[in-house]
Q: 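Sharing a structure, written as structure tokens. Questions coming.
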There are 2 protein chains.
Amino acid sequence: MTETPALGPRYRAPARVPSAPRLISPAGAGQVNRTRLLQILYDVGPTSRAQLARISRVTKTTIGAIVQPMIDDGILVEGEPQQSSSQGGKPARPIWFSPVDRPTVAVHLLPGTVRAALVSLTGSVITESSANFEATELDHDVIIDCVTSCIQDVLPSDGGAVLGVGVAVGGIVNTDEGRIVEVNLAPGLAGLELGPLLSRRLGLPVHLDHHPRVQALGDRWFGSGRRASSFASIYCGEAIGVGLVIDGAVHRGVAGAGGEVGHTIVDLGGTVCRCGRTGCWETIASHRWLQAEAAIAGLPAADALTVGPLARLAGDDHAGAEELFDRFARNVAIGIINLQQILAPGLFILHGDVVQGGEELRERVQKYVLDGIPVHAGGAPAITFASADDDITLLGAAALVLSQSLDLLT
Amino acid sequence: MTETPALGPRYRAPARVPSAPRLISPAGAGQVNRTRLLQILYDVGPTSRAQLARISRVTKTTIGAIVQPMIDDGILVEGEPQQSSSQGGKPARPIWFSPVDRPTVAVHLLPGTVRAALVSLTGSVITESSANFEATELDHDVIIDCVTSCIQDVLPSDGGAVLGVGVAVGGIVNTDEGRIVEVNLAPGLAGLELGPLLSRRLGLPVHLDHHPRVQALGDRWFGSGRRASSFASIYCGEAIGVGLVIDGAVHRGVAGAGGEVGHTIVDLGGTVCRCGRTGCWETIASHRWLQAEAAIAGLPAADALTVGPLARLAGDDHAGAEELFDRFARNVAIGIINLQQILAPGLFILHGDVVQGGEELRERVQKYVLDGIPVHAGGAPAITFASADDDITLLGAAALVLSQSLDLLT
DNA sequence: CAAGTTAGTCAGGAAAGTGAACATAGTCAA
DNA sequence: TTGACTATGTTCACTTTCCTGACTAACTTG
């Protein structure tokens, strides 16, 4: 008889068991339901118990049982009684998230710049800070120091509990390992294990993800994708990327790949992209293309042209600008058409410099998209521009933490 | 006090409530768990209660409680006791689906041809039948008659209970309404409300979907996508389409749109597609392109060339064929690259005439795909060819019914 | 001020998974 | 042949969770 090792029961290699969805236990169902209810609350905003019961198709009793402990715990707060409806009745008291309890830290990491904010559960920025580092910096320690101190600037001074840190990275990341794979223009960030390193320094859970996916999360939780079950959140500026929300959840490919829609091939015979391949969408719908074409057309300040100035030129009836503006709209539409043909999300939310083109650009893009897809019962896809000056990426980084922590909110 | 109408409680228009995920009740959890367990059983094949308990991370007790009523009901059967492991122990009795109880009807509708089969819960074809109609036929009644009689040929003669009818349509469908929107080469099918009409004639639930999505379901349930949580099932022959499995579920766009990857734009300056737009993937990777290029290259029988003969010509060191074969591989890779860049499913299962290219073609496609995507921690995507003569679409049509009916299997 | 209406709470009941103990049926070695 | 060992499958008391129905609270209207 062999002795059982002190470390625990003898390990026996299990039969090769494929990972499978777990079954739900009553206790697990409670966890799931608490999480879902909080999701619903985010979707609909401050809402009374009775209304939540109607939305989630359960009884008021159940809602009360779920919500009351959270109120006692300080996560949720009960608002002032609202006006009764004209039919009378006890006035409803809306439930909403605490504006101070358990905030999250949101970080946006760009080549040379880091931006950090303390974000409340209600989705508003409490404190903000930013710092710069040399984009050519190769020493990981220097970068980590910079990021850490920027975060510490926004941490609550009273040392109150923070849920975690969410990081949006403007480059390719491995979400499984919390590692940055590559960031254009910032070679020093390549290979940086930002997740584990930050987590160790701060003693907080850290989640990081690809910028357009974080942006999509921001749209889903706090922006115009709020109640949409599927949509594409596109960033279009100096580069192009997409975050896909499919059936209410942000889609990640294996280990966090995917979303590189800027480097899908749309023009086989086209020009060479900075990625080394030929005919990427980015070669016909990013700043680089805009500036090259503007130079050819002889537009003023062509080599620094962006969408806003181009729109103004086009609005002033500058013939070359008008023509370029329209081609830009068509080129932006190409990638959207392809996404719609493949996935048919039905809603496209555009961010980045492209929104500087305003309603005029949006309408043109929409027209080209509608021209480019067959009429189908699914209905015409909607193209919307995000507001130009929002913090949706920071809010998305906060949502990144929330989406992983909701079940920790007891 | 107004009287309550006889039809039921007075209907009161609810406050505009956004559709939201329901919370899970204990009873609902049971339903979900039964369904999940059956899904797991499909994924892993015949399996003992104890093994199922390990896979689904619940106790043997629970599995027994779920499985026993289904055995009593005849849906599941207990196999012969297996050999004990070398360590001894009571021999396990694998549980599996009944090969005769509650079969489904699978239908594949193509321009001019309909194929029907009776498929068992175990995923094997019990009976099969096919019929032809004029592809130019415009009378809906004639088509429905043809489909109905083809189905009745395979219905069990003893009138045993059939779960339902699944239909794969080689064209655009509206899955919400069970309506065919458009089928290339068969204008009479456009607008046909096949779902409701068949359902009324047969008295059975009918589900229909776009062919590549049905094919993906077949791969997911009975093919090489069986345990994969995400993959793309591509049909590539006279046309190109894709069915996407994302997180274990087949993705449908709004009302069943999406999957039209053949008409994504990959070659802006290219040739005009039969869809009327320019530069679709289909214009460079379907039969039409192959035959046009073969004619230019002076290959024999160019106007009826398909992939199999081309592969043989190339294998015989026919210079023009070899070069065309390679370009075809590259062109097929283009669309796969784009899908991988956007969604990174990590696995691509190819069906249709393209598989006639054999391992030689598969390797070339894989090489071009790997050349066309950045190295990323997610790992290199796998490209696989389905076996040439399988019934995966019919099995997928059966799975279409199963996936909607699992919770009806008590 | 009474009737009607809506919000929120309290006690009892049903569904479902858990965990420990037990019956069942094999292997292996003395 | 027997006993120790191992693994499968079943029985029963227990916990969690949500539902039902009755109740209190608060406001509007006539």
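Letters A, B, ... mirror the listed sequences (proteins, then strands); counts begin at 1.
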Q: Specify the residue among Lys60(A) and Ala92(B) whose closest nucleotide of DNA chain D lies further upstream toward the 5′ end.
A: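 In this pair, the answer is Ala92(B).
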Q: Summarise protein proximity over nucleotides 11-20 of chain C in one line of letters, 5' to 3': B for base, S for sugar-phosphate only, - for none, counting protein heavy atoms closer than 4.0 Å.
A: ----BBSBBB
Q: Measure CD1/Ile63(B) against P/dT8(D) and give the value in whole Å, please.
A: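 Going from Ile63(B) (CD1) to dT8(D) (P), I get 13 Å.
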Q: Kindly say if Arg54(A) contacts the phosphate of dA7(C), meaning a side-chain N or O under 4.0 Å from OP1 or OP2.
A: yes
Q: At under 4.0 Å, does any side-chain N or O of Arg22(B) touch on OP1 or OP2 of dC18(D)?
A: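 For Arg22(B), the contact criterion (side-chain N or O under 4.0 Å from OP1 or OP2 of dC18(D)) is not met.
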Q: Check whether any side-chain heavy atom of Leu402(B) sits under 4.5 Å from a side-chain heavy atom of Leu38(B), and report yes or no.
A: no
Q: Within a strict 4.5 Å, meaning less than it, do heavy atoms of the Asp73(B) and Asp101(B) side chains meet?
A: no
Q: Nearest-Å distance, CD (Gln51(A)) to P (dA7(C))?
A: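 In whole Å, dA7(C) P lies 8 Å from Gln51(A) CD.
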Q: Under 3.5 Å, is there a donor-acceptor pair linking the side chains of Arg54(B) and Gln51(B)?
A: yes
Q: Between atom CD in Glu80(B) and atom P in dA25(C), what is the gap in whole Å?
A: 14 Å
Q: Please walk me through it: do Leu400(A) and Trp221(A) pass side chain to side chain contact (heavy atoms under 4.5 Å, CB included)?
A: CA-CA 10 Å; Leu400(A) 186 62; Trp221(A) 287 62; over 6 Å; no
Q: So does Arg49(B) get a side-chain nitrogen or oxygen closer than 4.0 Å to the phosphate oxygens (OP1/OP2) of dT10(D)?
A: yes
Q: For the pair Asp43(A) and Arg220(A), find out whether any cationic side-chain nitrogen is under 4.0 Å from an anionic carboxylate oxygen.
A: yes
Q: Does the protein touch nucleotides 24-30 of chain D at the base, only the backbone, or not at all? Give it as B, S and - per nucleotide, heavy atoms under 4.0 Å.
A: -BBBSS-
Q: Can you tell me if Arg102(B) uses its side chain to pair, donor with acceptor, with the backbone of Val162(B) under 3.5 Å?
A: no
Q: Do any N or O atoms from the side chain of Asn33(B) and from the backbone of Ile24(A) form a donor-acceptor pair under 3.5 angstrom?
A: yes
Q: Mind checking whether Phe97(A) and Val77(A) have side chains closer than 4.5 Å, heavy atoms only?
A: no
